[in-house]
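Following: one structure in structure tokens, then a few remarks.
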Amino acid sequence: MSTLEDTVVAQPHQRVAENPVVAIVGATGAVGVELLHCLESRGFPLSRLKLLASPRSAGRTMRFKDQELTVEALDDNSFQDVDIALFSAGSGISKRFAAAAVKAGAVVVDNSSAFRMDAEVPLVVPEVNGAALAGHRGIVANPNCVAAIATVALAPLQNRHRIRRLHAATYQAASGAGAAAMEELRLSTAAALRGEAFEPKVLPHPYAFNLFSHNAEMDPHTGYNGEELKVVAETRRIMGLPELPIGITCIRVPVLRAHAMALTVEFEEKVTPDQVRAAFEGAPGVKLVDDRERNYFPMPSDASGQDDVLVGRIRADLGDPSGHSVALFVVGDQLLKGAALNAVQIAEALLRR
């Protein structure tokens with residue numbers, strides 16, 4: 001049964017106003033703050049902005065352009081006159097309040113996992129499958145951060161050379177676990193440098209100078225965690241390749257923001273590294289960083305704060321002598337292209353429609 005059956009009417013949603021009223025749900029969280037910055041930096045043509053969060057955050061002020069906006073407590077009546085509601089407060093909040101937003105006339109762009117695999121909800125990365133927005137029924141899902149970043153890099157390759165198989169190893173930053181995890185990384189690193197003990201509270205293992213399997217729930221039968229299974233399912237859906245074989249290992253690393261991933265892409269035909277580089281030239285949302293002479297390739301320190309996904313370290317896969325496989329390294333800002341920026345780009349695409 002669709003999760004939308006009790007949420008929206010069974011016809012395409014109405015057009016979005018040219019100068020919409022926008023609400024951010026979860027405005028005080030790490031992604032909420034980035035949503036605020038993206039709307040301002042990209043000059044999004046909104047007429048009014050509402051900031052919504054839990055009752056404990058109500059009354060706080062946040063700056064937008066030259067205004068100080070007061071955060072309001074989220075409730076069922078928060079969406080009157082709202083045209084676009086950008087949700088980034090977790091799947092429980094999305095499931096609880098998305099219906100109220102849609103019934104009030106808003107289009108929901110949801111950053112949680114609540115609707116990503118619902119067949120009636122488009123799961124969108126605008127550079128990859130923006131056409132999927134057509135006929136949405138009031139909710140558009142923003143993908144998992146790894147899936148969003150990876151598909152920006154994979155789409156130009158699929159457009160020229162059919163992908164037969166994908167293997168990925170991810171190196172995921174603290175930002176993926178929220179502002180509290182980022183702060184735990186800062187505090188635990190400072191403690192480690194002082195030689196002091198630090199008891200982790202947000203993540204299950206020591207974070208400073210350490211890395212560990214992604215902290216999503218583990219499936220004891222398959223040995224894969226929830227993050228890995230999300231990335232597989234969502235990458236297939238965004239790319240329109242429901243049977244694509246994907247092998248994946250997701251690791252949490254002590255980096256504040258920007259996820260990295262080593263991808264090995266196997267194609268139906270023989271493909272050279274030069275052909276892969278050519279596919280990235282001019283590709284939307286991609287910046288090629290592939291300087292072998294200086295040993296300079298994509299890094300989280302460079303990707304942090306950048307809209308583009310950095311792609312490089314492009315080379316033939318020595319494990320495939322047939323010449324069908326190419327390895328590359330991809331890095332993208334988890335809070336931007338992996339979350340807030342992609343949501344704002346979806347909102348921009350809704351306006352263009």
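- Of the charged side-chain nitrogens involved, none lies within less than 4.0 Å of a carboxylate oxygen, so that Glu40 and Lys65 do not count as a salt-bridged pair.
- Taking Glu184 as the reference, nothing meets the side chain to side chain donor-acceptor pair (under 3.5 Å) condition, with sequence neighbours excluded.
- By the side chain to side chain donor-acceptor pair (under 3.5 Å) test, Glu268 pairs with no residue at all, sequence neighbours left out.
- The distance from atom CD1 of Ile314 to atom CG of Leu288, rounded to the nearest 0.5 Å, is 5.0 Å.
- Between Leu185 atom CG and Arg252 atom CZ the span is 10.5 Å, to the nearest 0.5 Å.
- Heavy-atom neighbours of Leu193 CG from other residues, nucleotides or ligands within 6.0 Å: above the threshold of 12.
- Legend: salt bridge (charged side-chain N to carboxylate O under 4.0 Å, His left out) pairs involving residues 203-228, not counting sequence neighbours: none detected.
- For an aromatic pair to be called close, the ring centres must be under 6.0 Å apart, and Phe44 with Phe64 fails this.
- Arg96 has no carboxylate O lying under 4.0 Å from a charged side-chain N of Asp75, or vice versa, which leaves the two without a salt bridge.
- Ring planes of Phe267 and His161: perpendicular class, angle over 60° (limits at 30 and 60°).
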| field | Trace of the ring-ring contact (aromatic ring centres under 6.0 Å, His included) decision for Phe198 with Phe209 | value | CA-CA 12 Å; Phe198 184 90; Phe209 305 104; over 10 Å; no
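- Pairs of residues two or more places apart, or lying in two chains, that qualify as salt bridge (charged side-chain N to carboxylate O under 4.0 Å, His left out) and include a residue from residues 333-342 are Glu127-Lys337, Arg257-Asp333.
- Salt-bridge check for Glu183 with Arg186: passed, with a basic side-chain N closer than 4.0 Å to an acidic carboxylate O.
- By the neighbour-count criterion of 12 heavy atoms within 6.0 Å, atom CD of Glu18 is sparsely surrounded, having that number or fewer from other residues, nucleotides or ligands.
- Listed by first and then second residue, the salt bridge (charged side-chain N to carboxylate O under 4.0 Å, His left out) pairs involving residues 293-312 are Arg42-Asp307, Asp291-Arg294 (not counting sequence neighbours).
- The stretch residues 309-325 participates, sequence neighbours left out, in no salt bridge (charged side-chain N to carboxylate O under 4.0 Å, His left out) pair at all.
- Taking CG of Asp290 as the start and CZ of Phe329 as the end, the distance is 12.5 Å to the nearest 0.5 Å.
- Interatomic distance, NZ of Lys270 versus NE2 of His324, reported as 6.0 Å (0.5 Å rounding).
- Around CG of Asn210, the count of heavy atoms belonging to other residues, nucleotides or ligands within 6.0 Å exceeds 12.
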